[in-house]
Amino acid sequence: MREATAGARGGAAAGETASEARFDVEAVREDFPILHRAVHDRRLIYLDSAATSQKPLAVIEAMDRYYRMHNANVHRGAHRLSEEATTLYERARAHVARFIGAAEPAEVVFTRGTTEAINLVANAWGGANLRAGDAILVTEMEHHANLVPWQMLAERVGAEIRAIPIDDDGRLELGALDRLLDRRVKLLAFTQVSNVLGTHNPVAELVAAARAVGALTLLDAAQSVPHMPVDAAALGVDFLVFSAHKMCGPTGIGALWGRRALLEAMPPWQGGGEMIGRVTIQRSTWAGLPQKFEAGTPAIAEAVGLAAAIDYLHGIGMPAIQAHERRLTRYAIERLSELPGLRIHGPLEDRGGALAFSMEGIHPHDLSTILDRQGVAIRAGHHCAMPLHERLGLPASARASFYLYNTESEVDALSRALLQSREIFGLA
Ligand code: C6P
């Protein structure tokens with residue numbers, strides 16, 4: 001669909017890359033029905049895509065079509081509908097594999113999302129490989145999903161959690177690796193892009209450092225896969241996890257990618273139908289990859305929706321989406337920096353589109369409530385990153401986050417609403 005808009009602006013102007021020139025945000029917005037609704041009698045300005053993205057018609061219709069035409073359970077029935085559902089489900093897996101640069105579809109395990117994928121690795125890999133005295137290295141900016149499962153594992157086996165600190169600009173202090181990364185570290189689990197600060201972490205450097213001490217790496221790609229080209233094999237990580245709902249797909253599905261040899265060596269973590277080879281009353285054998293990790297009836301319509309989301313994003317082009325978001329984030333930083341009392345947290349350059357800030361004299365929750373009355377949806381709180389907020393010395397922050405359908409005029413509206421909130425609070 002988007003291919004039709006390619007070149008609509010007649011080629012690149014000076015200083016503009018080809019992918020920036022091709023991007024037609026107004027045409028993109030037409031694909032998202034929800035963007036046409038009003039909130040509190042105002043046009044909806046949705047700036048909370050880091051929490052969950054909106055869904056294009058192509059995804060909504062693909063799921064609707066699945067239920068109208070193909071619904072059945074997968075891998076079980078010999079009847080026509082079950083064959084169709086199985087084909088669609090496995091085609092979705094192949095789509096994901098191509099999208100993230102997996103060597104083969106069998107390396108892609110469907111999960112409920114990023115959180116479940118990390119819990120899977122913590123239970124299956126961690127349970128089998130971690131011993132008392134071992135360490136797991138994370139960073140101070142991790143989402144709770146990439147922290148709490150490791151804490152639970154560490155508690156169980158007697159391992160230790162270490163964290164790479166951040167500097168005042170919200171970037172990792174890589175100098176601390178000398179002190180933190182030794183042979184006791186068995187896994188380095190880190191986010192590619194911070195959901196609060198927008199920081200882009202140096203994946204290649206971190207992977208090389210982990211490898212040098214024989215540690216594996218898990219990349220939390222929840223905030224990167226939706227926004228930029230990501231190639232798991234090229235990045236050199238061992239595990240990669242993400243959620244469909246942040247990339248135009250439905251809730252309830254995401255994926256774990258892992259290297260075949262690692263996944264094969266891992267025991268299953270949940271038992272039930274689908275994941276077995278042979279079952280007797282006393283014991284069972286396991287299915288091969290990836291079924292070994294997919295016990296029970298999976299999220300079939302959601303897999304179909306995820307495949308449609310990938311088609312949609314691919315049709316626009318991930319480099320074009322990334323370029324659009326970069327431009328918009330730069331613009332937002334410029335506009336918000338002009339506002340009195342406003343402080344942006346995190347790096348100002350070379351960053352993703354999650355933009356956390358504080359307004360002097362107004363609690364983030366009050367700010368988000370006032371903005372909501374203007375139709376502007378942002379998030380306020382700790383964004384499931386309490387250790388990070390502690391490091392920043394903040395109980396909470398406000399966060400605007402951008403995606404392919406956001407515009408400069410929406411950033412202007414955010415800026416106006418923030419100024420108004422100062423007036424409401426009687427701030428000069
Ligand atoms: N962050 C946010 O508003 P789930 O909930 O499993 O789909 O994703 C968890 C998760 C893991 N890692 C990162 C970096 C994330 O940003 C998230 C989800 C949302 O920031 C909801 S708390």
Side-chain angles (χ1 to χ4, degrees), residues 46-55 96 100 109-123 138-152 163-164 166 170 172 188-201 203 206 217-228 230 235 237 239-257 299 302-303 305-306 309 325 345-346 351-357 364-365 368 377-389 392 394 396-403 406:
Y46 187 75
L47 302 179
D48 196 20
S49 293
T52 197
S53 74
Q54 296 302 345
K55 321 302 174 201
V96 170
I100 59 162
V109 177
F110 282 128
T111 63
R112 282 197 300 123
T114 304
T115 303
E116 192 178 70
I118 296 172
N119 276 278
L120 191 167
V121 178
N123 280 276
V138 294
T139 83
E140 251 179 4
M141 67 173 80
E142 294 312 311
H143 187 281
H144 298 164
N146 200 23
L147 185 54
V148 182
W150 306 121
Q151 292 172 349
M152 292 163 76
I164 306 173
I166 58 164
L172 292 181
L188 168 54
F190 65 100
T191 193
Q192 186 167 15
V193 178
S194 162
N195 67 315
V196 180
L197 306 171
T199 313
H200 276 211
N201 286 323
V203 180
L206 290 165
T217 46
L218 179 142
L219 189 67
D220 178 347
Q223 298 290 350
S224 54
V225 163
H227 303 283
M228 58 199 272
V230 170
L235 288 171
V237 293
F239 299 107
L240 182 146
V241 296
F242 64 95
S243 301
H245 70 95
K246 295 187 198 292
M247 53 185 285
C248 297
T251 52
I253 192 163
L256 159 68
W257 168 83
E302 288 74 10
L306 170 55
E325 286 180 32
H345 307 295
R351 65 181 334 283
L355 193 60
F357 55 90
H365 285 132
S368 71
I378 63 161
R379 186 173 171 184
H382 52 63
H383 318 300
C384 299
M386 283 170 87
L388 171 63
H389 280 79
L392 298 173
L394 300 167
S397 63
R399 183 190 70 186
S401 53
F402 308 111
Y403 206 12
N406 292 122

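In this text the structure is predicted, and so the values were computed from the model without any measurement. Order of appearance sets the numbers: ligands from 1, and atoms from 1 within every ligand.
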#### Entry: Taking atom 16 (O) of ligand 1 as the reference point, the nearest protein heavy atom with its distance
Q223 NE2, 2.7 Å
### Message
Looking at H383 and A385, would you say the former's side chain and the latter's main chain have a donor-acceptor pair under 3.5 Å?
### Response
no
### Query
How long is the span from the CD1 atom in I166 to the OG1 atom in T199, to the nearest 0.5 Å?
7.0 Å
## Note on the structure
So NE2 of H144 and CG of N195: to nearest 0.5 Å the spacing works out to 9.0 Å
### Task
Specify side chain, backbone, both or neither for A51, according to which of its non-hydrogen atoms lie closer than 4.0 Å to ligand 1.
both
### Query
Is there side-chain contact between L235 and T217, with heavy atoms separated by less than 4.5 Å?
no
### Query
For ligand 1, which atoms have a heavy atom of N195 less than 4.0 angstrom away?
2 (C), 16 (O), 20 (O)
## Note on the structure
With heavy atoms and a 4.0 Å threshold, my read on which part of D220 contacts ligand 1 is side chain
## Note on the structure
the protein heavy atom lying closest to atom 15 (C) of ligand 1 turns out to be H143 CD2, 3.4 Å
### Task
May I ask you to decide if T114's main-chain N or O and S243's side chain share a donor-acceptor pair within less than 3.5 Å?
yes
#### Entry: atom 5 (O) of ligand 1: nearest protein contact (heavy atom, Å)
T115 OG1, 3.7 Å
### Message
Counting C-beta onward and ignoring hydrogens, is there a side-chain heavy-atom pair between L392 and L388 closer than 4.5 Å?
### Response
yes
### Query
Are side-chain N/O atoms of H389 and S397 paired as donor and acceptor at under 3.5 Å?
yes
### Query
Going by heavy atoms, is R399 under 4.0 Å from ligand 1?
yes
### Message
List ligand 1 atoms under 4.0 Å from T191, heavy atoms only on the residue side.
### Response
14 (C)
#### Entry: Enumerated ligand 1 atoms positioned under 4.0 Å from heavy atoms of C384
22 (S)
## Note on the structure
Taking only non-hydrogen atoms of S243 and a 4.0 Å limit, the atoms of ligand 1 in range are 4 (P), 6 (O), 7 (O), 8 (O)
### Summary
Heavy-atom nearest pair, P250 first then L306, reads CD-N, 3.7 Å
## Note on the structure
A student comparing H245, H383, R379, K246 should find that the heavy atom closest to atom 1 (N) of ligand 1 comes from K246
